[in-house]
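Only one structure is covered here, and it is reproduced in the block below.
Basis for what follows: all heavy atoms, side chains included, without hydrogens, waters or symmetry-related copies.
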Amino acid sequence: MNTNAIADEILAYLKTKHSRAYRNKSPKKPTYPYVVFRIDSGVPSYPSENRYINIDIYDSASKTSRAVENLADLIDGDGKREGAEPTGFNRRIIDTDDFNAFFELEQRQYVQSEELAGVQLINMRYVMQVFSK
């Protein structure tokens, strides 16, 4: 599995939802709101390789939680409905010449600004199944 190729596809997709999306870490002084994703631990299982994808959405604590929740909703989408593509990341399939990747939301958590020194955060964790071609 080519982790960089998968990360490039994820980043490109996230940038269609929000222009300030980054892999692994944000710039030193980011403009809020912004999105950071990382590809975490994996478990090989035939015929796929399963990995966790964490998407963190940050916003200033001076803003209402509605803005960060709306951005999380936009990124996550509505899941796959019968006969329609999902509007967001949840249940999305990325199909390239080298692999297919399927994403499913495992958990979504709001972290209050008191725990993050003036920043509010929503963490979404997805299970990604990657099938090599």
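- The CD1 atom of I6 sits 7.5 Å away from atom CD1 of I53, with the distance rounded to the nearest 0.5 Å.
- Around atom OH of Y32, more than 12 heavy atoms belonging to other residues, nucleotides or ligands sit under 6.0 Å away.
- Residues N123 and N54 bring a donor and an acceptor atom of their side chains to less than 3.5 Å of each other.
- In this structure, CG in N50 is found 11.0 Å from CD in E104, a value given to the nearest 0.5 Å.
- Atom OH in Y22 sits 13.0 Å away from atom CZ in F37 (nearest 0.5 Å).
- Contact check for I94 versus N100: no side-chain heavy atoms found under the 4.5 Å cut-off.
- Between the side chain of N90 and the main chain of L105, a donor-acceptor pair closer than 3.5 Å is present.
- Minimum interatomic distance between A21 and L11 (heavy atoms only, all atoms of both residues): O-CD1, 3.4 Å.
- Note: E9 CD to L14 CG = 11.5 Å, rounded to the nearest 0.5 Å.
- Using a 4.0 Å cut-off between charged nitrogen and carboxylate oxygen, D76 and R92 do not count as a salt-bridge pair.
- In plain terms, the two heavy atoms of I122 and A72 that are nearest each other are CD1-CB, 3.8 Å.
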Show, in sequence, the C-alpha distance, side-chain angles and deciding distance for Q129 and I93, and conclude whether the side-chain contact (heavy atoms from CB on, under 4.5 Å) test is met. CA-CA 10 Å; Q129 292 179 295; I93 296 171; over 6 Å; no
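- Between I75 and K17, the shortest heavy-atom distance links the atoms CG1-CB, 4.0 Å.
- Here the straight-line distance linking atom CG of L71 with atom CG of D73 works out to 9.0 Å at 0.5 Å rounding.
- Inter-residue side-chain proximity for F103 and V127 is flagged as unmet; no heavy-atom pair is nearer than 4.5 Å.
- Atom OH of residue Y110 and atom CD1 of residue I57 lie 12.0 Å apart, to the nearest 0.5 angstrom.
- Residues V35 and I55 share a closest heavy-atom pair of CG1-CG2, 3.6 Å.
- The number of heavy-atom neighbours closer than 6.0 Å to NZ of K133, taken from other residues, nucleotides and ligands shown, is above 12.
- Looking only at side-chain heavy atoms (C-beta outward), Y52 and E106 come within less than 4.5 Å of each other.
- In this structure, the side chain of S132 does not engage the main chain of F99 through any donor-acceptor pair within 3.5 Å.
- For D56 and R38, the salt-bridge test passes: some basic side-chain N is under 4.0 Å from an acidic carboxylate O.
- A donor atom on one side chain and an acceptor atom on the other are found under 3.5 Å apart for N4 and R23.
- In this structure a side-chain-to-backbone donor-acceptor pair under 3.5 Å is present from R20 to P33.
- The minimum heavy-atom distance between P27 and P30, with the atom names listed, is O-CD, 3.3 Å.
- For Y58 and Y34, the gap between ring centers is short of 6.0 Å.
- Cluster membership check: F131 does not share its hydrophobic cluster with I10, using side-chain heavy-atom separations under 4.5 Å among Ile, Leu, Val, Met, Phe, Trp and Tyr.
- The main-chain N or O of K63 is found under 3.5 Å from a side-chain atom of Q120 such that the two form a donor-acceptor pair.
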Checking salt bridge (charged side-chain N to carboxylate O under 4.0 Å, His left out) for the pair R108/E69: CA distance, chi angles, key distance, verdict? CA-CA 11 Å; R108 176 173 166 161; E69 290 285 358; 2.6 Å; yes
Just do the side-chain contact (heavy atoms from CB on, under 4.5 Å) check on D98 and N2 with the steps written out, would you? CA-CA 9 Å; D98 299 320; N2 185 334; over 6 Å; no
